[in-house]
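Just below is one structure, and these are the notes that go with it.
Numbers restart at 1 for each chain; the letters A, B, ... are given by sequence-line order, proteins then strands.
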Amino acid sequence: EAGVTQFPSHSVIEKGQTVTLRCDPISGHDNLYWYRRVMGKEIKFLLHFVKESKQDESGMPNNRFLAERTGGTYSTLKVQPAELEDSGVYFCASSQRTGTGGSEQYFGPGTRLTVT
Amino acid sequence: GQNIDQPTEMTATEGAIVQINCTYQTSGFNGLFWYQQHAGEAPTFLSYNVLDGLEEKGRFSSFLSRSKGYSYLLLKELQMKDSASYLCAEAVRGATNKLIFGTGTLLAVQP
């Protein structure tokens with residue numbers, strides 16, 4: 001069974017440009033999460049999809065970030081326009097269920113974004 | 001909010017035992033996860049505790065005390081490949097079940 005995949009693995013863009021990150025969750029996982037780790041800090045939650053619906057986007061830094069999950073399969077995270085502080089590693093994770101007891105979240109390898 | 005505290009770095013010897021501690025805030029607690037992450041790779045699941053006590057899985061064990069807001073990961077018979085970052089993460093109760101991470105403990109296993 002394929003794990004969570006992310007594309008690209010690395011992206012270097014200039015300040016003001018646009019970048020779109022993609023995540024393909026494990027097949028059958030309704031829950032999809034985006035997290036981010038900036039240099040020297042902990043991994044932080046950005047948002048959560050259940051199928052195609054945004055369940056919680058409380059971690060999104062600002063309106064320069066737009067996440068979509070059309071059709072409830074893969075998801076994209078677009079940063080427009082990118083700023084220097086957006087540099088970091090963006091992780092995607094998926095899981096089967098939420099609620100009491102939770103469910104293991106399977107992480108992708110991340111996309112390393114560098115904004116120059 | 002939730003604060004997850006764990007040591008930044010630890011060093012241990014091959015074949016030895018090491019314990020990595022983690023403390024968390026207890027409001028909205030819905031479980032405690034440990035992940036292993038090698039540099040440049042995805043965090044991989046090690047353990048999940050939601051009830052008090054010790055969960056053993058091969059060379060790795062994880063302990064939870066909900067009343068103390070405390071967990072530890074115990075690694076036995078250390079191998080060189082165990083050198084990695086170990087992430088403590090608290091699941092927050094709710095429809096999202098999002099994870100709140102600590103900064104991770106970088107473990108270096110020496111010969």
* Crowding at OH, B:Tyr72 (>12 non-hydrogen neighbours, <6.0 Å) -> yes

* Let me know if A:Tyr35 has heavy atoms under 4.5 Å from chain B in its side chain, its backbone, both or neither. => side chain

* Cluster check B:Leu54, B:Ile17: I/L/V/M/F/W/Y, side chain < 4.5 angstrom -> yes

* Asked: Is atom CE of A:Met39 surrounded by more than 12 heavy atoms (other residues, nucleotides or ligands) closer than 6.0 Å?
  -> no

* **Within one Ile-Leu-Val-Met-Phe-Trp-Tyr cluster: A:Tyr90 and A:Ile43, side-chain cutoff 4.5 Å** => no

* Can you see which heavy atom on B:Ala42 is nearest to which on A:Gly108, and at what distance? => CB-O, 3.1 Å

* Asked: Shared ILVMFWY cluster between A:Leu47 and A:Tyr33, side chains joined below 4.5 angstrom?
  -> no

* Side-chain touch B:Thr103/A:Lys41, heavy atoms, less than 4.5 angstrom -> no

* **Interface moiety of A:Arg37 toward chain B, non-hydrogen atoms closer than 4.5 Å** => side chain

* Test item: B:Thr96 and A:Phe45 side chains (from C-beta on) under 4.5 Å apart, heavy atoms -> yes

* Structure fact -> Closest non-hydrogen contact found for A:Gln105 with B:Asn97 is NE2-O, 3.1 Å

* **Max heavy-atom pair count under 4.5 Å with chain B, selected residue of A:Ala93, A:Gly59, A:Pro109** => A:Pro109

* Shortest non-hydrogen separation from B:Lys98 to A:Asp56 and the atoms involved -> NZ-OD2, 3.8 Å

* Can you tell if the side chain of A:Phe107 reaches within under 4.5 Å of the side chain of B:Leu87, non-hydrogen atoms only? -> no

* Using a cut-off of 6.0 Å, state whether more than 12 heavy atoms not belonging to A:Lys54 lie near its atom NZ. => yes

* Heavy-atom distance under 4.5 Å between the side chains of A:Phe91 and B:Gln37, does that happen here? -> yes

* Structure fact -> Between the SG atom in B:Cys88 and the CD atom in A:Glu42, the distance rounded to the nearest 0.5 Å is 12.0 Å

* Structure fact -> The interface call for A:Ser9 against chain B, heavy-atom contacts under 4.5 Å, is neither

* Is B:Tyr86 reachable from B:Met10 through a run of I, L, V, M, F, W or Y residues, each pair having side-chain heavy atoms under 4.5 Å apart? -> yes

* Count the heavy atoms of every other residue, nucleotide or ligand shown that sit under 6.0 Å from CD of B:Glu14, and state whether that count exceeds 12. => yes

* Asked: Is it true that B:Ile100 and B:Leu73 fall in one hydrophobic cluster, defined by side-chain heavy atoms closer than 4.5 Å?
  -> yes

* Please round to the nearest 0.5 Å and tell me the distance separating atom CZ of B:Phe101 and atom NZ of A:Lys44. => 13.0 Å

* **Side-chain heavy atoms of A:Tyr106 within contact of B:Phe45, under 4.5 Å** => no

